[in-house]
Amino acid sequence: MDGERTDEKITIEAKAVYSLTSKFEEVTAQVAVIGLGYVGLPLALVFARKGFRTTGFDIDAAKVEKLGRGESYIGHIPDAVVSEAVKKGNFQPTSDYARLRDMDAIIICVPTPLDEHRDPDLSYIRNTAEAVSAHLRPGQLIVLESTTYPGTTDEVVLPILEKSGLRCSPSAYATDGSVVKSSGTVGGDFLLAFSPEREDPGNKQFQTYQIPKVIGGVNGASAVAARALYDQVFERTLLVSSARAAEMTKLLENIYRCVNIALVNELKLLCLRMGIDIWEVIEAAKTKPFGFTAFYPGPGLGGHCIPIDPFYLTWKAREYEFPTRFIELAGEINSAMPEHVVASLADALNRRKQCLQEARILVLGVAYKKDIDDPRESPSLRIMELLRLRGARVDYHDPYFPRLPKTRRYDFRLASVELTAQTLAQFDAIVIATDHSSYDYAFIVRHARLVIDTRNATRQVTEFPEKIVRC
Ligand SMILES: NC(=O)c1ccc[n+]([C@@H]2O[C@H](COP(=O)([O-])OP(=O)(O)OC[C@H]3O[C@@H](n4cnc5c(N)ncnc54)[C@H](O)[C@@H]3O)[C@@H](O)[C@H]2O)c1
């Protein structure tokens, strides 16, 4: 390609990117968020609050209907925030994919679980990409936010979108936004980027817009356009050199947490044998003003991210014949924690000349972490399963779950028991699996016969220390 022709193509591409970025800057763009879950809903509301006409797409008709009435279905997102956005006309939930054609930016926030062989299940991403492809038009920006292995945007999403006949070719822009004179065909019909979601549900310290947004384009024009979009609603954005680098960034963050949690879980087991309080040790280590970040032991990993995402990388690493040993070891240690809790409970009962068989056990907290209403991958559910397998009679209490929802793996068909002095006294043991702030731990210890504390939730309780087993 000669220089003149390249310049002409750069000009055409620059105009297309300029027209899109202007719409973002003027807040006249239409923004779509696909997947109105724990990640997609708060993100859609951030765009809506800024004044963007935001359309939320979801295949779950019940969620769409509820949100359309201005009601939130997620505990920590108030109804008022949803209803205000709906009333102003800035947030419209729908299941009608045909409306994707009207959108300028389409952000994908669908689930990325593991399948029954613990391999990545990309079916949600594939189905969504197929649906977008069917309605794709030139000039649109597509951003994938679902956590996934490096290469998903380039290798999985891009080919599906290009089935539309439209192209996202190499760009005349470098990924830092500067114009480069590349040879070959430049510019494309649509733009595609990856930007990892870093939502921490229930975190009151950081709102969605305050968490810096990492962005990587499959080409430079895509990076420029995606940054222009997120710059409107996030306090800080950061471009990395590729979609793969952005995908890997998110995995590094979650693997870092997974490995460090495994480290403290292992040290907890050693400390228990050595008669040292791991919680006291962590508090002391935390006082070092540099080089140490505190992680805490617990009953096992939970949630949609930490127990799952690292294994996306393990799977991809196999293609490169590379064993991810830290991830495997951390997985092994963390997933053994529910067994440790049950063994500690059995030992404590044994010391009282009781056994687990037929014992009545109350598990406190089924959410995977405190003060949220999300039970996904919760270690509480695994603990309940193990207890049942050992013949115990299990009940639970959780202020966020009047009934235990059916999950992909469990269906206990239980309702939350009332937390009164009488009911507490009826159980042979109480297991504190999730340390919700609303629990009165002194009251629980006072009326329980035995308390197995997996979260150091009873640290302030001074009465009846003989009833408490920290494990
Ligand atoms: N929950 C978190 O704390 C968190 C944090 C960071 C990243 N992530 C990542 O974000 C992604 C989404 O997670 P989430 O927690 O929001 O999941 P979620 O299950 O809460 O929500 C996903 C939503 O997508 C909808 N959906 C599924 N397929 C669809 C389709 N084809 N079209 C439209 N809607 C569809 C579902 O009905 C659901 O409402 C995952 O990749 C996850 O790993 C989650």
Side-chain angles (χ1 to χ4, degrees), residues 32-46 55-68 72-77 82 93-100 103 106-114 120-135 142-150 152-153 156-157 160 194-203 206 208 211-214 246-247 249-258 301-313 367-378 405 407-408:
V33 175
I34 305 183
L36 297 173
Y38 284 84
V39 159
L41 179 58
L43 183 71
L45 294 170
V46 165
T55 310
F57 293 78
D58 205 293
I59 46 171
D60 184 332
K63 279 183 195 168
V64 168
E65 204 185 305
K66 194 162 186 188
L67 292 167
S72 169
Y73 75 95
I74 296 179
H76 61 272
I77 301 178
V82 180
T94 180
S95 298
D96 179 9
Y97 271 115
R99 293 180 55 190
L100 283 173
M103 303 295 140
I106 299 171
I107 302 174
I108 302 172
C109 304
V110 294
T112 42
L114 294 172
D121 173 3
L122 286 192
S123 59
Y124 296 92
I125 289 187
R126 284 208 174 87
N127 291 343
T128 307
E130 293 283 356
V132 174
S133 186
H135 300 283
I142 319 300
V143 187
L144 178 64
E145 291 213 5
S146 304
T147 308
T148 182
Y149 60 78
T152 309
T153 309
V156 179
V157 177
I160 296 176
F194 182 84
S195 178
E197 180 50 58
R198 294 163 132 182
E199 185 74 16
D200 182 16
N203 186 326
F206 295 100
T208 303
I211 305 169
K213 201 83 179 102
V214 173
E247 288 160 336
T249 304
K250 173 70 188 182
L251 291 185
L252 170 62
E253 291 165 11
N254 282 356
I255 291 164
Y256 171 77
R257 284 189 62 72
C258 176
L301 291 183
H304 190 338
C305 299
I306 314 293
I308 291 173
D309 303 346
F311 295 98
Y312 266 67
L313 190 61
Y368 75 85
K369 67 172 182 178
K370 69 174 179 182
D371 304 338
I372 63 160
D373 59 354
D374 188 349
R376 285 177 294 176
E377 310 293 323
S378 172
T407 66
R408 268 154 55 111

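Atoms within each ligand, like the ligands themselves, are counted from 1 in listed order. Here the structure is a predicted model, which is why all the values come from computation and not from measurement.
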Residue, atom name and distance, where the atom is the protein heavy atom closest to [atom]:
atom	answer
atom 13 (O) of ligand 1	His304 CD2, 3.7 Å
atom 15 (O) of ligand 1	Arg376 NH2, 3.0 Å
atom 30 (C) of ligand 1	Tyr97 OH, 3.3 Å
atom 21 (O) of ligand 1	Gly37 CA, 3.1 Å
atom 3 (O) of ligand 1	Pro201 CD, 3.1 Å
atom 37 (O) of ligand 1	Asp58 OD1, 2.6 Å
atom 11 (C) of ligand 1	Val110 O, 3.4 Å

Next item on the list: Check Ala131 against ligand 1 and report side chain, backbone, both or neither, counting heavy atoms closer than 4.0 Å.
Entry: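 None of Ala131 does.
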
Next item on the list: Quick one: look at Cys109 and ligand 1, take heavy-atom pairs under 4.0 Å, and tell me if it's side chain, backbone, both or neither.
Entry: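 Answer for Cys109: backbone.
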
[atom2] on [Y] to [atom1] on [X], rounded to 0.5 Å:
X	Y	atom1	atom2	answer
Leu41	Ile74	CG	CD1	5.0 Å
Phe194	Thr249	CZ	OG1	9.0 Å
Leu36	Asp60	CG	CG	9.5 Å
Ser378	Lys369	OG	NZ	12.5 Å

Mind listing the closest non-hydrogen atom pair of [X] and [Y] along with its distance?
X	Y	value
Ala129	Val157	CB-CG1, 4.4 Å
Asp373	Gly75	OD2-N, 2.7 Å
Gly35	Val110	CA-CG1, 4.3 Å

Element-labelled atoms of ligand 1 that are located less than 4.0 Å from some non-hydrogen atom of [X]:
X	value
Asp60	37 (O)
Ile34	32 (N), 33 (C)
Thr128	30 (C), 31 (N)
Tyr124	27 (C), 28 (N)
Glu199	3 (O), 5 (C), 6 (C)

Please work out which of [options] has its closest non-hydrogen atom nearest to [atom].
atom	options	value
atom 41 (O) of ligand 1	Asp200, Ile59, Thr112, Val132	Thr112
atom 27 (C) of ligand 1	Pro111, Gly35, Ala129	Pro111
atom 9 (C) of ligand 1	Asn203, Thr147, Leu67	Thr147

Check: Counting distance only, does the side-chain N/O of Tyr312 pair as donor-acceptor with the main-chain N or O of Thr112 below 3.5 Å?
Finding: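 A pair under 3.5 Å: yes.
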
Item checked: Main-chain N/O of Phe57 paired to Thr94 side chain as donor or acceptor, under 3.5 Å ->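 Side chain of Thr94 to backbone of Phe57, a donor-acceptor pair under 3.5 Å: no, none is there.
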
Give yes or no for whether the N/O distance cutoff of 3.5 Å, strictly under, is met between [X] and ligand 1.
X	value
Lys250	no
Lys63	yes
Val39	yes

Next item on the list: Consider only side-chain N and O atoms of Glu197 and Thr147, and report whether a donor and an acceptor are under 3.5 Å apart.
Entry: no

Note to self: Below 30° counts as parallel, above 60° as perpendicular, anything between as tilted: where do the rings of Tyr97 and His135 land?
What the structure shows: parallel

Next item on the list: Might you work through the side-chain hydrogen bond (donor to acceptor under 3.5 Å, both in side chains) test for Thr208 and Glu199, ending with a clear yes or no?
Entry: CA-CA 6 Å; Thr208 303; Glu199 185 74 16; 2.9 Å; yes

